[in-house]
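This report concerns only the one structure given below.
Model, not experiment: these values are computed from the prediction.
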Amino acid sequence: MQVMVANRAGFCFGVRRAIKMAFTAARRCPPPIYSLGPLIHNPQVVRRLGEEGVGVVEDLDEVKGGTVIFRSHGVTLEEMNLAQKRGLKVVDATCPFVKKAQKYASSLSKKGYLVVIVGDKGHPEVQGILSYIKGEGLVAGSAQELESLSGVKKLAVIAQTTQFYKDFQEVVSQALLVAQEVRAFNTICDATYIRQQESVKLAQEVECMIVIGGYNSANTTRLATLCRQVQPNTHHVETEQELDRRWFAGVQKVGITAGASTPDWLLVKVKEEVEKI
Ligand code: SF4
């Protein structure tokens, strides 16, 4: 059985940077150290950070002092201000690409645009970007959600960094039908796009595709969805222990890819296990 790994599988630039910042903080900052929410959407990495003394809190109210680390997909403006007001040491690991979307949200809304974020309403990154909008903002999961708008003078479209290009394009097209002036800024991250392209290409060449990453990772789940569209024998796993021999029956070529929040060591373990099968 031939096992092929997609180019650029695993940690993206922003996640690698955030992890590095967190481990550096664990070495240099006096305890307690917390990340606001799990640092990345990968339970195995979060567990390792915990062993180094980086705890997880869900709310800033739980942090009475010490250091707080903000995740690669960012926090809300209110949380940022609150941490500073309380005198906490802040390690801001927000990915520069997410920061860019936050800046567009702020500057475009200040210029009077109704800002539409193409994304998942409940996702913390989207909540963060939304908090930078002065006045009213809108989160749209699809173009249909703009259909009820009419007579908008100025409308701007940006995107959650992990969104599908197709959804972004469709929202922009719909925006042109409901607003007089439309500005669109593609804030989808290249890391996501490249991973998607290369994973789908590989899924087309193999008979079984394994996608590794946290079940709570949006970008890993999307990778699995895209791969499944071209190769129905696609399986999303978090660790090598979940591999099922039956997936590989009669299979000559297996492809492996991993989401942007999946560490290299997990990828290596899964690959070794597949090779054993
Ligand atoms: S996927 Fe892109 S935007 Fe998100 S953390 Fe990675 S590099 Fe940054």
Open item on the list: Whether the side chain of R222 engages the backbone of S217 through a donor-acceptor N/O pair (distance < 3.5 Å, no angle test) should be reported.
Closed with: no
Task: Check: F248 and L243 side chains under 4.5 Å, non-hydrogen atoms - done: yes
Task: Short side-chain donor-acceptor distance under 3.5 Å, T76 and S131 - done: no
TODO: State, yes or no, whether a side-chain contact exists between M1 and C208 at a heavy-atom distance under 4.5 Å.
DONE: no
Open item on the list: Applying ring-ring contact (aromatic ring centres under 6.0 Å, His included) as the test, list every pair that has at least one member in residues 178-211; sequence neighbours left out.
Closed with: Y104-F185, Y165-Y193
- [ ] Give a yes or no on whether a salt bridge exists between D61 and R86, defined as a side-chain N under 4.0 angstrom from a carboxylate O.
- [x] yes
Open item on the list: Would you say that more than 12 heavy atoms from the other residues, nucleotides or ligands in this model lie under 6.0 Å from the CZ of R8, or not?
Closed with: no
Task: Check: E125/T161 side-chain N/O donor and acceptor closer than 3.5 Å - done: yes
Task: Donor-acceptor under 3.5 Å (E207 side chain, Q252 main chain) - done: yes
Task: 4.5 Å side-chain heavy-atom contact, V254 and V206 - done: no
Task: Under-4.0 Å salt bridge between E272 and K276 - done: no
Open item on the list: Working note: K271 + E275, criterion salt bridge (charged side-chain N to carboxylate O under 4.0 Å, His left out); need CA distance, chi angles, decisive distance, verdict.
Closed with: CA-CA 6 Å; K271 183 169 181 274; E275 280 167 348; 3.0 Å; yes
TODO: Identify whether the distance between the nearest side-chain nitrogen and carboxylate oxygen of K269 and E273 falls below 4.0 Å.
DONE: no
TODO: Answer yes or no: is there a donor N or O on one side and an acceptor on the other, between the side chain of T262 and the main chain of I212, under 3.5 Å?
DONE: yes
- [ ] Give me the one residue out of M209, M4, E205 that meets side chain to side chain contact (heavy atoms under 4.5 Å, CB included) with K253.
- [x] M4
Task: Minimum side-chain heavy-atom gap I129-T187 below 4.5 Å - done: no
Open item on the list: Just so I know, are the side chains of P43 and N216 near enough to count as touching, which here means a heavy-atom distance under 4.5 Å?
Closed with: yes
Open item on the list: Are D244 and H235 packed together at the side-chain level, in the sense that at least one heavy-atom pair is separated by less than 4.5 angstrom?
Closed with: no
Task: Donor-acceptor contact present, side-chain T24 to main-chain K20, <3.5 Å - done: yes
Task: Note, V15 side chain near V45 side chain (heavy atom, < 4.5 Å) - done: no
Task: Main-chain N/O of N233 paired to Q231 side chain as donor or acceptor, under 3.5 Å - done: yes
Task: Exam field: side chain E145 to backbone G141, donor-acceptor pair closer than 3.5 Å - done: yes
- [ ] Have a look at K166 and tell me which of Q169, Q163, E170 forms a side chain to side chain donor-acceptor pair (under 3.5 Å) with it.
- [x] E170
Open item on the list: Between R71 (side chain only) and C95 (backbone N and O only), is there a donor and an acceptor less than 3.5 Å apart?
Closed with: no
Open item on the list: Looking at Q127 and K121, would you say the former's side chain and the latter's main chain have a donor-acceptor pair under 3.5 Å?
Closed with: yes
Task: For S72 against V98, the heavy-atom pair lying closest together - done: O-CG2, 3.6 Å
TODO: Would you mind listing every salt bridge (Lys or Arg N to Asp or Glu O under 4.0 Å) that reaches into residues 87-102, with sequence neighbours excluded?
DONE: D92-K99
